[in-house]
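Sending over a structure as structure tokens; questions will come in a sec.
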Amino acid sequence: MDTIKAVMLRDWCTWDDDYKTLVEDLRAKLLALATKKTEEYTITLMQGSGTFSVESIIGSIIPPEGKLLVLANGAYGDRIALISKTLKINTVVHNSGELAKPDLEKLESTLKEDRDITHVAVVHCETTTGMINPIDKIGEIVKKHGRVYFSDTISSFGGVPMDISDLNIDYCVGSSNKCIQGVPGFGFIIARKKEMTKIKGYARSLSLDLYDQWQMMEADGGKWRYTSPTHVVRAFYQAMLELEEEGGIEKRHERYSSSQRILVEGMRRLGFKTLLPDEFQSPIITSFYSPESEKYNFKDFYDKLKARGFVIYPGKVTKLDTFRIGNIGDIYPEDIKRLLKAIEESVFW
Ligand SMILES: *Cc1c(COP(=O)(O)O)cnc(C)c1O
């Protein structure tokens with residue numbers, strides 16, 4: 001949106017009161033989007049892309065003797081495990097494969113048997129495939145067994161209605177450039193206050209110390225510890241206003257869902273097959289099998305669409321030949337119809 005980019009033309013100071021007021025306002029708005037129980041949760045903003053915020057969480061919330069169980073079914077679940085192992089945290093991974101949901105019975109029995117596990121992590125919308133994971137059912141099991149629960153909600157926050165308190169979430173995370181539709185540059189961590197007060201001194205990194213960043217924002221009303229991406233934050237504020245204008249998360253979810261439906265119907269008419277069954281599918285991004293024709297190659301297809309003004313994603317699934325089409329952002333059902341026409345013109349097999 002040009003309006004979002006336009007507000008970046010003014011400069012702001014990281015420590016200035018006007019800027020800090022904007023940050024505080026933003027934290028309050030994000031909190032209200034996340035839950036009705038605003039008194040139980042708190043928001044911390046963190047510099048960097050979404051992965052930096054995930055690393056901040058993993059590195060800051062697990063005590064030295066803690067152990068993390070990661071439920072992985074794609075690249076972003078694998079990334080949580082990789083971060084954890086890189087930080088020398090005791091890590092166990094349940095990998096259900098990219099086409100299956102996490103195994104809930106195995107989760108339950110593992111939590112019963114392995115008393116060393118202190119934390120459980122799962123991705124909500126696994127952007128690798130477009131799969132939506134059952135974070136409600138996982139949350140119930142994790143809470144029943146008294147463990148701390150983290151969900152990477154980066155690709156769904158702002159685009160899929162949820163109340164994180166109802167989901168038993170202790171920590172979750174979003175980033176500036178996904179469903180809130182700002183520009184890239186920072187992430188936001190939503191945390192249960194009761195848990196945050198316990199994590200002082202756990203951080204395995206100085207700049208990504210979640211507790212310290214939170215304490216600074218609380219003590220000095222909206223102050224980040226190190227230079228904050230001021231222009232990006234201002235743009236994000238504008239994006240939040242535009243989300244409100246659109247009618248909030250419910251309305252945005254309706255738009256994404258109808259775009260995704262039109263996309264899948266149109267693609268099926270053109271002979272494409274989706275990787276996932278419809279009931280596993282999020283309204284965020286969709287994976288399609290590549291056509292079997294020998295004449296097809298992704299690069300040509302990509303270039304043809306790009307020349308018509310559309311950029312698609314390569315597949316991220318390891319063993320199957322796929323490509324992905326995302327429909328979040330300033331994209332409307334009419335754009336999807338134009339895309340379908342461009343795809344029809346680009347198929348040559
Ligand atoms: C986008 C995304 C991230 C963060 O990726 P960055 O490239 O660091 O912005 C993390 N998890 C999920 C599920 C995502 O979709």
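First listed ligand is number 1; within each ligand, the first listed atom is number 1. Heavy-atom basis, side chains included; hydrogens, waters and symmetry copies ignored.
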| If you measure from the Lys or Arg side-chain nitrogens to the Asp or Glu carboxylate oxygens, is any gap between Glu24 and Arg27 under 4.0 Å? |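 Judged by the 4.0 Å cut-off on N to carboxylate O distance, Glu24 and Arg27 do form a salt bridge.
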
| request: Mind jotting down which protein residues get a heavy-atom contact under 4.0 Å with ligand 1? Chain and number order, please. | output: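 Lining ligand 1 at under 4.0 Å, by heavy atoms, one finds Ser49, Gly50, Thr51, Tyr76, Arg79, Val123, Cys125, Thr127, Asp152, Ile154, Ser155, Lys178.
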
| Do other residues, nucleotides or ligands put more than 12 heavy atoms under 6.0 Å from Glu105 CD? |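 Result for CD/Glu105: open.
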
| said: Would you say that more than 12 heavy atoms from the other residues, nucleotides or ligands in this model lie under 6.0 Å from the NZ of Lys36, or not? | reply: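 Open.
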
| query | Is the cationic atom of Lys101 (NZ for Lys, CZ for Arg) positioned less than 6.0 Å from the six-membered ring centroid of Phe280 and within 45 degrees of its normal? | reply |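 Ring-cation test returns yes.
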
| Spacing of Ser84 atom OG and Ile58 atom CD1 [to the nearest 0.5 Å] |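 Result: 6.0 Å between the selected atoms.
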
| query | Would you call the rings of Trp214 and Tyr211 parallel, tilted or perpendicular if under 30° counts as parallel and over 60° as perpendicular? | reply |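 The arrangement is perpendicular - the two ring planes meet at more than 60°.
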
